[in-house]
Amino acid sequence: MAANWKMYKNAQETSAFFEQFTPLMSDGIHCEVVIFPASISIPGAVQAAEESAIRIGGQNIFWAREGAYTGEISGEMLRAAGATWVLVGHSERREYFHETDSGVLKKTQAAIEAHLTPIVCMGERLEDHKNGRAEEVLIRQFAGGIAGLTEEQFADIAIAYEPVWAIGTGQTATPEIAAKAHRCIRSETEKRFGREAAEQVRILYGGSVKPDNIVGLMHEQEIDGALVGGASLDPQTFIKIVNAA
Ligand code: PEP
């Protein structure tokens, strides 16, 4: 279960979250929990989560190891700050920062090289959803992006299906719609990387996940977890989602 905090919570608010959230994580929780705070708060979050099973990730990564790339953060820097995961290709990055499928591939490779686990995001926009072109978009994003990984690299990634029309809108994909999209991604995986890879890759659903819809989503065998934005900002709400896993 992954929490994408986007550009919310400063360092103090991050500490306050962990003070409340960490005691709620009991030993009985058997899923992985990863929180993606603002990059400036990663060291504080790593420290706050030290004694717990919570892992910390970056929301973005640059593909070069170092260089004259003002404002960017490398995989090595994230790793040195204690992050072990990273989001790649989130739709907000694609939309506002013009990230492309080929850029997503380069960032995914950089993450793997830095020993970070990337969650590679993909999903269709509203007009494609309405016009029945969701699978076409997923196939295109897959082919232009992570299909370029080697089999060995692919074994190190997780994928998030995040329909753009469901992100931050309160309009969740039904479990059936999400499962169909996940099946499409798994089938592309099987064609490119083989059946074992398709069975093993974890595909999370993201898009307005809330405590009252997570159970239905997690009942789908195709859905291996959730990437949660808005509902992960409040410890009491996020723990309900984690517990549902
Ligand atoms: C996200 O940011 O990845 C996300 C799914 O956001 P929300 O849960 O708010 O729709």
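For ligands, and for the atoms within them, numbers begin at 1 and follow the listed sequence.
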K.L.:
Check each atom of ligand 1 against the heavy atoms of A166 and keep those under 4.0 Å away; list them by number with element.
P.N.:
10 (O)
K.L.:
Would you please classify the geometry between the F142 ring and the F193 ring as parallel, tilted or perpendicular, with 30° and 60° separating the classes?
P.N.:
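Correct class here is perpendicular.
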K.L.:
So, for E162 and G207, which heavy atoms are closest and what is the spacing to 0.1 Å?
P.N.:
OE2-N, 4.3 Å
K.L.:
Tell me, which protein residue and heavy-atom name are nearest atom 1 (C) of ligand 1, and how many Å apart are they?
P.N.:
H90 NE2, 3.3 Å
K.L.:
Considering the heavy atoms of S208, write down every atom of ligand 1 situated less than 4.0 Å from one of them.
P.N.:
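Near S208, the atoms of ligand 1 are 7 (P), 8 (O), 10 (O).
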K.L.:
Identify, by atom number and element, the atoms of ligand 1 in contact range of G168, meaning under 4.0 Å from any of its heavy atoms.
P.N.:
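Those of ligand 1 that fall under 4.0 Å from G168 are 7 (P), 9 (O), 10 (O).
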K.L.:
If the cut-off is 4.0 Å to any non-hydrogen atom of G230, which atoms of ligand 1 fall inside it?
P.N.:
7 (P), 8 (O), 9 (O)
K.L.:
Give me the residue, atom name and distance of the protein heavy atom closest to atom 8 (O) of ligand 1.
P.N.:
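Checking every protein heavy atom, the shortest distance to atom 8 (O) of ligand 1 gives G229 N, 2.8 Å.
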K.L.:
If the cut-off is 4.0 Å to any non-hydrogen atom of G207, which atoms of ligand 1 fall inside it?
P.N.:
5 (C), 10 (O)
K.L.:
Looking at E13, I want to see if its CD is surrounded by more than 12 non-hydrogen atoms of other residues, nucleotides or ligands under 6.0 Å.
P.N.:
yes
K.L.:
Any N or O on K6 sitting closer than 3.5 Å to an N or O of ligand 1?
P.N.:
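Yes; the residue has a nitrogen or oxygen that sits under 3.5 Å from a nitrogen or oxygen of the ligand.
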K.L.:
Taking D101 as the fixed residue, which of R94, R140, K107 is the one that meets the salt bridge (Lys or Arg N to Asp or Glu O under 4.0 Å) rule?
P.N.:
R94
K.L.:
Heavy-atom distances under 4.0 Å are what count here, so tell me which part of N4 touches ligand 1: side chain, backbone, both or neither.
P.N.:
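Within the 4.0 Å criterion, N4 contacts ligand 1 through side-chain atoms alone.
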K.L.:
Output yes when a side-chain donor or acceptor of S208 lies under 3.5 Å from a complementary backbone atom of A166, and no otherwise.
P.N.:
yes
K.L.:
Have W5 and Q59 got a donor and an acceptor in their side chains that come within less than 3.5 Å?
P.N.:
no
K.L.:
Can you list the steps and then say if R183 with E190 is a salt bridge (charged side-chain N to carboxylate O under 4.0 Å, His left out)?
P.N.:
CA-CA 10 Å; R183 269 195 295 278; E190 184 169 348; over 6 Å; no
